[in-house]
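I have placed the structure first, in the form of C-alpha cells, so that the comments after it can refer back to it.
Remember, it's a predicted structure, so these values are computed and weren't measured experimentally. Computation of the quantities below employed the complete heavy-atom set of this structure, encompassing side-chain atoms and omitting hydrogens, waters and symmetry-equivalent molecules. The sequence lines fix the lettering, A, B, ..., with proteins before strands; numbering per chain opens at 1.
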Amino acid sequence: MQTSAKLRESAILPREFYGRDPVPVARDLLGKLLIRRIGRKRLVGRIVECEAYLAADDPAAHAFSGRTPRNAVLFGPPGYAYVYFIYGNHYCLNVSCTKDGEAGGVLFRAMEPALGIEDMAKARGLELSELNSPSQLRLISSGPGRMSEALGITRERDNAKDLTSSRSDLYFSDDGYRPERIVATPRIGITKAVDKPLRFTIAGNPYVSGKRTT
DNA sequence: GAGGAGATCGTCT
DNA sequence: GACGATCTCCTCT
C-alpha cells in the first residue's frame, strides 16, 4: 500500500507538536511530509518509519549519558534538527522532542519519495530511469543514511536548524494524510535496550527499511 | 536471498 | 583507542 503522492494544501507542524513525549510524537509523525527547499525546488517525502529515543531509562539514546557538545540539541527546545555523523559514512536526522526539560528525540529511518524524486535519486548516485521496480525505488530513501543523502542533509548544514519556521529550508508539514495502521517493533541497529518497541512504521508500506514484509 | 565484513571518521573515554 | 541509531559489496547457497 502506497500513499498518494498528490500533495494537498499542507500546514507546517508547530513547535507544540514536538513538545511532547517522543513516543506519541514519533507515531504522529508517520504520514507527515518532510520538505527540503533548494532554491525554487522542493524535495518532498512522506515519513513511513521512525524511532523514539528517550533520555531516562533508555540506554540506547544519545542523550542517555548526559549532555555533550554533540547531542546538545536534544536537550534544547523542541522542534530542532539533531543531525549526527555515524560509521564514518552517514548522516542521520532526528528532531528534538523535549517535555518538561527531559531530553528526547525522534530518528527518521525511511520516507516515501513524493516530489523531486529525480533529484533525490541523483543525490544518491542513482538514475531514476533505471529504477523500474518498487524494490529499486526503495534504494532512494529506505534507511536513515539513505534518506539524509537523498535530501542533502548534513551536520554542517542542518544541525540545530529550527524545523518549525516557515523561513527554514527543512520542515515538516501535515497534508491531512493519516496512516491506516501503525506497527510498533524493536528499534534497529542498537545494542542496548533492544527490546523496547519504539520503532514505528506504516503497516505494509514498501518504503519501510529492513526486510520487506509484503 | 542471506550473511558477513569492510569502509571510514567524529565523538567520547 | 574503541566504538557506533549504516550502507554496500562480495561470497555462498
Side-chain angles (χ1 to χ4, degrees), chain A residues 18 21-23 25-27 29-30 34 45 47-76 78 80-98 102-111 113 120-127 130-131 133-161 163 183-201 206-214:
Chain A
Y18 305 99
D21 187 273
V23 173
V25 174
R27 295 184 71 101
L29 276 167
L30 290 177
L34 173 56
I47 300 300
V48 300
E49 176 181 356
C50 56
E51 294 179 349
Y53 284 88
L54 321 173
D57 301 327
D58 188 5
H62 284 187
F64 179 72
S65 35
R67 181 178 179 143
T68 66
R70 178 203 195 197
N71 67 18
V73 175
L74 294 174
F75 291 80
Y80 285 80
Y82 168 50
V83 182
Y84 65 89
F85 189 61
I86 189 76
Y87 296 119
N89 287 299
H90 308 288
Y91 292 99
C92 296
L93 172 68
N94 298 241
V95 61
S96 63
C97 307
T98 36
E102 182 107 333
V106 172
L107 166 72
F108 299 96
R109 290 194 51 89
M111 67 178 189
M120 291 191 234
K122 233 173 234 169
R124 292 267 302 117
L126 304 165
E127 271 300 329
E130 293 171 11
L131 305 177
S133 68
S135 66
Q136 290 176 309
L137 282 166
R138 293 174 76 248
L139 294 174
I140 296 177
S141 56
S142 291
R146 291 171 175 173
M147 219 182 104
S148 298
E149 190 172 43
L151 295 177
I153 290 169
T154 66
R155 181 174 170 84
E156 296 72 28
R157 181 176 180 181
D158 299 302
N159 192 50
K161 185 170 279 180
L163 302 180
V183 181
T185 72
R187 293 169 294 185
I188 288 180
I190 55 174
T191 56
K192 301 163 195 159
V194 291
D195 53 333
K196 288 177 191 275
L198 295 177
R199 170 177 177 251
F200 301 100
T201 64
Y207 291 91
V208 169
S209 74
K211 281 184 199 163
R212 294 186 63 188
T213 53
T214 52

To the nearest Å, how far apart are A:Arg155 CZ and C:dA5 P? 14 Å

Have a look at A:Arg199 and say if it touches a base, only the backbone sugar-phosphate, or nothing, with a 4.0 Å heavy-atom cut-off. nothing

Tell me, do A:Tyr53 and A:His62 make a side-chain contact under 4.5 Å, heavy atoms counted? no

Let me know the distance between CD of A:Glu149 and P of C:dT6, rounded to the nearest Å. 15 Å

Counting N and O atoms only, with roles assigned by atom type, does the side chain of A:Thr98 sit under 3.5 Å from a partner on the main chain of A:Phe75, one being a donor and the other an acceptor? no

Pairing of DNA chain B as dot-bracket, 5' to 3': ( ) intra-strand, [ ] crossing, | other strand, . unpaired, with Watson-Crick or G-U pairs under 3.5 Å? |||||||.||||.

Whole angstrom value for the distance that separates P of C:dA5 from CZ of A:Arg109: 11 Å

Tell me whether the ring of A:Tyr87 lies stacked over the C:dG4 base, given a 5.5 Å limit on centroids and a 30° limit on the plane angle. no

Across the strands shown, which category fits A:Arg187 at heavy-atom distances under 4.0 angstrom: base, sugar-phosphate, nothing? nothing

Have a look at A:Phe85 and say if it touches a base, only the backbone sugar-phosphate, or nothing, with a 4.0 Å heavy-atom cut-off. sugar-phosphate

Sticking with atom P, work out how far B:dG6 lies from C:dA2, rounded to a whole angstrom. 16 Å

Check whether any side-chain heavy atom of A:Leu151 lies under 4.5 Å from a side-chain heavy atom of A:Asp158, and answer yes or no. no

Do the side chain of A:Ser148 and the main chain of A:Tyr91 share a donor and acceptor less than 3.5 angstrom apart? yes

Check whether any side-chain nitrogen or oxygen of A:His90 sits under 4.0 Å from OP1 or OP2 of C:dC7, and answer yes or no. no

What nucleotide among C:dT6, C:dT8, B:dC12 has an atom nearest to a side-chain atom of A:Arg146? C:dT8

Roughly, in whole Å, what's the span from OH in A:Tyr82 to P in B:dT11? 9 Å

Which whole-number value in Å describes the distance from A:Ile190 CD1 to C:dA5 P? 8 Å

Do A:Ile140 and A:Arg146 make a side-chain contact, defined as non-hydrogen atoms from C-beta onward lying under 4.5 Å apart? no

How many Å lie between NZ on A:Lys192 and P on C:dC3, as a whole number? 11 Å

Roughly how many Å is it from CG in A:Asn89 to P in C:dC3, rounded to a whole number? 18 Å

Atom of A:Tyr207, atom of A:Ala110 and distance for their closest heavy-atom approach: O-CB, 3.3 Å

In this structure, CG of A:Leu29 is separated from CD1 of A:Ile47 (nearest 0.5 Å) by 7.0 Å

Please tell me if A:Arg70 has a side-chain N or O lying less than 4.0 Å from either OP1 or OP2 of C:dA5. no

Assign each of A:Arg124 and A:Tyr84 the nucleotide of DNA chain C bearing its closest heavy atom; nearer the 5' end lies the nucleotide of A:Tyr84

What is the distance, to the nearest angstrom, from the CD atom on A:Glu156 to the P atom on B:dG10? 9 Å

